[in-house]
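Written below as structure tokens is the structure these notes are about.
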Amino acid sequence: MSTAQKQKHLKPLVGVVCDVQHIAPHDFHAAGDKYLRALSRSADVIPVLIPALLEDQDVDQWLARLDGLFLTGAYSMVDPAHYNEIKVDKQYDYDAQRDATAFAFVHKAIANNLPLLGVCRGLQDINVALGGSLHQVVQEHPELNDHREDKNATLDEQYAPAHTVTLSENGMLQNIFKAKKIDVNSLHSQAINRVGSGLEIEAKADDGLVEAIRVEGVSFGLAVQWHPEWKVTENKTQTLLFEAFGDACRARQLAGIP
Ligand SMILES: N[C@@H](CCC(=O)NCCCC(=O)O)C(=O)O
């Protein structure tokens with residue numbers, strides 16, 4: 001069997017940028033189980049963890065081996081210094097290594113037309129990496145709804161559908177979901193304020209908040225503020241998003257075979 005034929009039987013490799021988790025007395029690099037299972041089961045790709053070690057790794061070396069890039073959600077916040085604001089006076093967690101690694105990989109992925117999918121904090125990473133800004137405390141804006149989860153509720157309740165989003169007319173998500181509106185869950189305190197350059201809005205909540213974006217000029221560059229990975233194998237609608245991402249990664253992989 002030729003190399004090309006062998007590669008055709010290999011599943012795409014999708015890089016998942018890690019968060020830094022402190023498990024005293026050390027730091028560890030981690031990614032959420034539900035994201036990895038969604039990539040494996042619904043996108044049918046092989047997730048590989050990218051440590052948030054930007055200064056100690058060569059992004060180009062990764063890009064040469066990856067068929068896609070995935071940015072997970074995270075309880076940490078993007079440092080507002082990246083969009084020239086100061087941190088609000090709240091007990092928020094930040095993750096400078098996630099910020100730096102995610103931003104660097106986003107720029108390289110876009111430059112190399114590597115399929116890209118972001119979720120929640122991942123959408124925020126992409127928006128800020130491309131020069132956009134965030135509302136740091138959505139719920140303190142009277143014109144916006146409270147988009148947080150009830151942290152005292154069960155996980156099933158936290159990740160249950162919370163509101164409707166309207167998909168942009170003729171947008172990529174309308175084409176993927178074959179719908180004009182979908183119900184989504186909502187677990188975030190921050191959200192897009194200024195949309196980054198080269199990004200198109202793909203969905204909005206009823207209060208006008210941007211809930212999904214698309215990167216212009218690439219084959220597949222999408223990010224959603226909600227959590228499609230939650231029990232995705234039981235969610236026919238959100239499965240479509242992971243299947244579309246997996247298909248884009250497979251197309252990339254095959255195109256790369258001489
Ligand atoms: N911290 C940001 C992003 C919120 C987010 O990603 N929440 C999910 C964390 C847990 C999980 O991975 O499901 C914000 O608050 O806006």
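These numbers come from a predicted model, not from an experiment. Counting convention: from 1, in listed order, for ligands and their atoms alike.
Under a 4.0 Å criterion applied to the non-hydrogen atoms of H227, ligand 1 contributes the atoms 7 (N), 8 (C), 11 (C), 13 (O). Applying the 4.0 Å criterion to heavy atoms of H188 picks out, from ligand 1, the atoms 14 (C), 15 (O), 16 (O). Each of the atoms 6 (O), 12 (O) of ligand 1 lies under 4.0 Å from some heavy atom of G73. Atoms of ligand 1 found under 4.0 Å from any heavy atom of Y159, numbered from 1 in the order shown, are 10 (C), 11 (C), 13 (O).
Contact annotation for A74 and ligand 1: only backbone heavy atoms (N, CA, C, O) come within less than 4.0 Å of the ligand. Under 4.0 Å from ligand 1, the heavy atoms of K34 that appear belong solely to its side chain.
Taking 4.0 Å as the cut-off, R148 does not count as a neighbour of ligand 1 on heavy-atom distance. Distances from ligand 1 to the non-hydrogen atoms of Y92 include no value under 4.0 Å.
Considering backbone and side-chain atoms alike, S189 places an N or O below 3.5 Å from some N or O of ligand 1. Considering backbone and side-chain atoms together, Q225 places no N or O closer than 3.5 Å to any N or O of ligand 1.
Linking Ile, Leu, Val, Met, Phe, Trp and Tyr whenever their side-chain heavy atoms come within less than 4.5 Å puts I213 and L71 in one cluster. Criterion: ILVMFWY side-chain heavy atoms under 4.5 Å apart, direct or through other members. Under it, L199 and L123 are part of a common hydrophobic cluster. Cluster annotation: V224 and I182 are assigned to the same hydrophobic cluster (Ile/Leu/Val/Met/Phe/Trp/Tyr, side-chain heavy-atom contacts under 4.5 Å, transitive).
Of the possible polar contacts, one joining the Y35 side chain to the G73 backbone as a donor-acceptor pair under 3.5 Å is found. Of the possible donor and acceptor atoms, none in the side chain of N185 sits under 3.5 Å from a partner among the backbone N and O of E157.
Relative to the ring axis of Y92, K87 does not place its NZ or CZ within 45° and under 6.0 Å from the centre.
With hydrogens left out, the protein atom closest to atom 12 (O) of ligand 1 is Y35 OH, 2.6 Å, a heavy atom. Protein heavy atom closest to atom 16 (O) of ligand 1, with residue, atom name and distance, is Q190 N, 2.8 Å. Here the heavy atom of the protein found nearest to atom 7 (N) of ligand 1 is L187 O, 3.3 Å.
Applying the side-chain hydrogen bond (donor to acceptor under 3.5 Å, both in side chains) test between W226 and each of Q238, E211, H163 identifies Q238 as the sole match.
Here the shortest heavy-atom distance to atom 5 (C) of ligand 1, taken over G32, S76, C120, belongs to C120.
Legend: residues meeting side-chain contact (heavy atoms from CB on, under 4.5 Å) with D156, ordered by chain and number and at least two apart, are T154, W230, K231.
Annotation: H22 is not in aromatic contact with F28 [ring centroid separation under 6.0 Å not met].
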